[in-house]
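Structure first, commentary second.
Within every chain, numbering begins at 1; the chains are lettered A, B, ... in the order of the sequence lines, protein sequences first and strands thereafter. In this text the structure is predicted, and so the values were computed from the model without any measurement.
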Amino acid sequence: MFVLPCSTGQRLAASTLRSGTTHQWQALRITSLQHQWSTPIPHARSLQTEATQVSHVPFRKQLKDEAKRKRDAQRLDAVRGNTQDTCKNSNDSSSKKWKLTVGLEVHAQLNTERKLFSDAMTSEDCAPNAHVAVFDLAFPGTQPEFQKATLLPALRAALSLDCEIRQRSQFDRKHYYYQDQPAGYQITQYYSPFAVSGNVHVYDHDGIAPEDGRIVNLAIKQIQMEQDTAKSNLQPPSTTLLDFNRVGHPLIEIITHPQIHHPQTAAACVRKIQSILQAVNAVTKGMELGGLRADVNVSVSPQGSEALGQRTEIKNLNSFKAVEHAITAERDRQIAILESGGSIEGETRGWTLGSTETEKLRGKEGEVDYRYMPDPDIAPLIIGQDLIDHIDRTLPKRPDEIIANLMTVCELTMKDAKSLMSLDNGERLDYFDTVRTMWASEKNDPISAPRLSKIVGNWVLHELGGLLNAANVPFSPTIVPPRSMVSILQNLDAKKITGSTAKKLLAMSFDGDERNVNTIIDQANLGLRHLSREEYIMMAQALLDKDPKKVEQIQKGKQLGKLKFFVGQMMRQGSGTIEAQKAEAVLKELLGLK
Amino acid sequence: MSLLRRAETCFANQQVNKLLNAFVCPRDEGTLISEHTSNLRDADKRRDRGTSIKESLGKAYLIALIGTPKSAIDGCLIAVKDNICTSEEPTTCASAILKGFHSPYPATVVEKLKHAGALIAGKTNLDEFGMGYTQDGGSLSAGGSSGGSAVAVATGQCDAALGTDTGGSVRLPAAYTGIIGFKPSYGMVSRWGIVAYANSLDTIGILAKDSSMARNIFDAVEGFDSRDPTSIPVSTRSRIAQQLLERKAKQGWGDTPSVRIGVPREYNTAELQPEVRRAWLETLQGLRNQGHTIHMLSLATTKMALSAYYVIAPAEASSNLAKYDGVRYGNKNSASERADNVLFASTRGAGLGEEVKRRILLGSYSLSAAAIDNYFKTAQKVRRLVQRDFNNAFALSHPLLKRQDGSGSEPKVDVILTPTAQSLPPRHSSLKNKASIDSYSVDFLTVPASLAGIPALSLPVSIAGQDGIDQNAPTSVGIQVIAQYGDEEMVFAMARSIESLRDIKQLS
């Protein structure tokens, strides 16, 4: 390991450097090798445990944000309805006169074993500079060696975004100076990217702005492969340490057409792109862990005008919230300038979380001329149609397909389907599937399958989810073994136990009780003893007699909610032998209610 | 003479010629002797045993014991241009920005030389990063940029040397110093470990006293290298070999089959010095006498080639040299950053020389958004035309290209013969007053073969001296032999034919 202080050049020991070992020249013709590619695609390698803990946060947060947004909107409507708040409306009417247009550039780190142009491993959690080949450090005399396997996740990404794959593409050098860019240029695909003309559908349930209606079709202009940079580690006041593990890590840059008109929709689009890339296992990790970054192009133009206004670019946004807020702030800034008679400068701007305004990074006069040049060392990339076909055939299901399946086949609500899909890196969904199929195959009754799936969905998501939240532990498919879950639900569905017993059994299994569920039911005598109708009536009458005041409230005051009180009393007294519906029916009968 | 004795002569010559500045870090005789003597003795033993074993078959065990010579260059002392990475010595490209830089790995060609038993004589001087022509060759310029390698060979400081050739950097100094300078087809010799000047043009070059030595070194260093993405793969190499065998079968297996020699009109420029033109004509005459046939032909794009080269090479150089920022290796300027706060500007400003800066600026401009269509892209188109011109001239088809027959009327030739430079080596004093742009035109005759990526060799043809007037007057002119891509065979065959003319002359 070596850490390079930026301030001094330093001789590197040869032992810390590795040069390429396997190389191939000529047009890099890559064809499908059935035996090689047909093995199941592994889950994202890195950060498995960490990712599990963190990756569901944005989704919960999203639900929360959505709820908050609804509340705010209602409140705002209420305010508007009561008082003609002109001050509040001025800004609003301004934005009605102007049309916002946004285009996205999303950079995503591909899930690959090796770097794009050297056979050094990709790794970020290793010691600094542990995985660096001489080429990665731009040593004189070194040459790139395209790692063919990096193309696979790139193709999965492009196909999952409905792109057209170009059989011939090439790599170009994009020149600029920075200490995290060892060669003085980044190798990217400028003149001829490998994928073009894609499309992503973003729905209302994906969180687009209400004004956009049910769906936004966002067209993707192109996707290119390129190198990541090194990581700078600032050590104030004057030292910068450089970690070159990340340098040369393959990225894709997804460039959309400027077709987004609301900040909220822009954030939803980025989130949707991320969820698609994760679903097809193309990327290492999400935005919250630095696996994705977005640049946005923002312009405003008068409503009804065809031409777009002068755009500015906001670089390096690293959360969905940042995307939304930065666009909002930049839109308002541009409108304010235009309304006061000014004009917008084409410039690059930055935005930091928590600020209210974007800040200028460099103006047009400071704009870098990247002097794109085809890399003379790298042969054109030729991608065989057979490889494209194979990747397309074996592409994992995309989020929209999964959600559609969950809603139609399993009869889950949209909200539950989305939760199930996005929780725990897909592990919750796998667990759901395991439990569902186990139960269905034992039941062997295709007609009841959707009903069972719905029950499983409810228990896996809400009952188990509640226990996980209360205990504050991450999900794992072994906490409640699928076998136990199936047994509990089978007993419940057969009315052999009550709902509350089922919950109790789930909690026991969750807490580590490894006994067979049926054994526990027998040993603890939890089975539902069917009381006779007479016994129900006796118990109910006794309770009603004890509390004439409530009876009167129910009968005369029509406070039917109080009925639940008596149902609860019966349940408690019967300790696991009372079925709530029967109890309620008997109570109603005795009270003369229909 | 034993290899050891021959090497000792070289070491002595290194001391005598120190003022010529051929080596970046000249070492004294004692150091050289102690470093190389035991290796040289082993090589001598291998050579002796190799000979004696051939004489007395049956002593196979001796081969196992001592071995036969590792190759034809076993025990040869070979100098290496200082833009080729070696692990023992620093690799500086004669630039302040890389002063003291030790490469963590050696170039493939250096590994291959060592594997063949050759010894590295030292690192030779060059124009910074291979850009320029100003090597000191005494009162006459040795040309560049592999001038250090050329001088070292010409003055007997080593048996041969490696240089690099981007637009003529090996052929021109060879012509000026009266030795052989050979540039193979692009992709035949690995560039892994060669500090890039212009990747699409750079090749390893070989400098030697005669063509058989150059050939032996080429045989030792050529071959596919997986670390060089532009290295020609094994399958293509065997396709080329097959093509050459078929031609040989057609020509017949005689010692000197009659060869069709092309003479391009465009190379007979008005600027050609009379001595050069005379040597060219005499050589053609001699070859015709040997039974070869001469054919005039036209390479129409020759005049555009130089301009295209001076767009493409600086463009690639501006990109390749962007890495020298003093961050990871090399030297960082200790002065604080400049007032305008441009990143790395003071380091690059202090570490890079004038000619290098000039070419970086030139290249940066021709790649800029406003100029790229007019310059870089146009130059690439010219490059295609130059390639097509050559391709249409040769009888052998290009193994990597589809033939695009432009004109069927022109005769097809096996080899093209031209002068290497338009003039005799200029005097050193005259160079100092020359604008750098003027000096670019010395590449006029060498650049086309570089753009086309085809093999070319310069060899000396002696000119009649004006008796005793000037001891320092040049005694030879460089003649350039150019052949189809992959046809190194033809280049060396023609070189031997021309060398035999010289031998005849000397005998008569």
Portion of Y177(A) that has a non-hydrogen atom of chain B nearer than 4.5 angstrom: both
Enclosure of K99(B) NZ (heavy-atom neighbours >12, cutoff 6.0 Å): no
Residue, of V195(B), D202(B), L321(B), that accumulates the most heavy atom pairs under 4.5 Å with chain A: V195(B)
Other residues, nucleotides, ligands: >12 heavy atoms within 6.0 Å of K174(A) NZ: yes
Nearest atoms (heavy-atom pairs only) where P229(B) meets P144(A): CG-O, 3.3 Å
Worked verdict on K323(B) versus F139(A) for side-chain contact (heavy atoms from CB on, under 4.5 Å): CA-CA 8 Å; K323(B) 62 178 65 166; F139(A) 262 74; over 6 Å; no
Interface moiety of Y370(A) toward chain B, non-hydrogen atoms closer than 4.5 Å: neither
Greatest number of heavy atom pairs closer than 4.5 Å to chain A - which of S319(B), A370(B), A369(B): S319(B)
Residue pair S368(B) / R371(A), side-chain donor-acceptor N/O under 3.5 Å: no
Between CG on residue N199(B) and CD1 on residue I378(A), distance to nearest 0.5 Å: 9.5 Å
Closest-packed option against chain A by number of heavy-atom pairs under 4.5 Å, given A107(B), S200(B), C85(B), A322(B): A322(B)
Separation between CZ of R227(B) and CD of Q143(A), rounded to the nearest 0.5 Å: 10.0 Å
Neighbour count above 12 (heavy atom, 6.0 Å) for K381(B) NZ: no
R348(B) atom CZ, neighbour heavy-atom count above 12 within 6.0 Å: yes
Y375(B) OH: over 12 foreign heavy atoms closer than 6.0 Å: no
Pairs of heavy atoms under 4.5 Å with chain A: top-ranked of S364(B), A371(B), G363(B), S366(B): S364(B)
Closest approach of R328(B) to P182(A) (non-hydrogen atoms, all atoms of both residues): NH2-O, 2.8 Å
Flag if over 12 foreign heavy atoms under 6.0 Å of NE2, H257(A): yes
Beyond-backbone contact of Q179(A) with F344(B), side-chain heavy atoms, under 4.5 angstrom: yes
Spatial distance of atom CG (D375(A)) from atom CD (E316(B)) [nearest 0.5 Å]: 9.0 Å
Stepwise side-chain contact (heavy atoms from CB on, under 4.5 Å) check, T142(A) with Y105(B): CA-CA 10 Å; T142(A) 58; Y105(B) 71 100; 3.4 Å; yes
Stepwise side-chain contact (heavy atoms from CB on, under 4.5 Å) check, D325(B) with Y178(A): CA-CA 9 Å; D325(B) 54 20; Y178(A) 205 65; over 6 Å; no
Region of I194(B) that comes under 4.5 Å of a non-hydrogen atom in chain A: backbone
Shortest non-hydrogen separation from L242(A) to V327(B) and the atoms involved: CD1-CG1, 3.7 Å
Sub-4.5 Å side-chain heavy-atom contact between P140(A) and C93(B): no
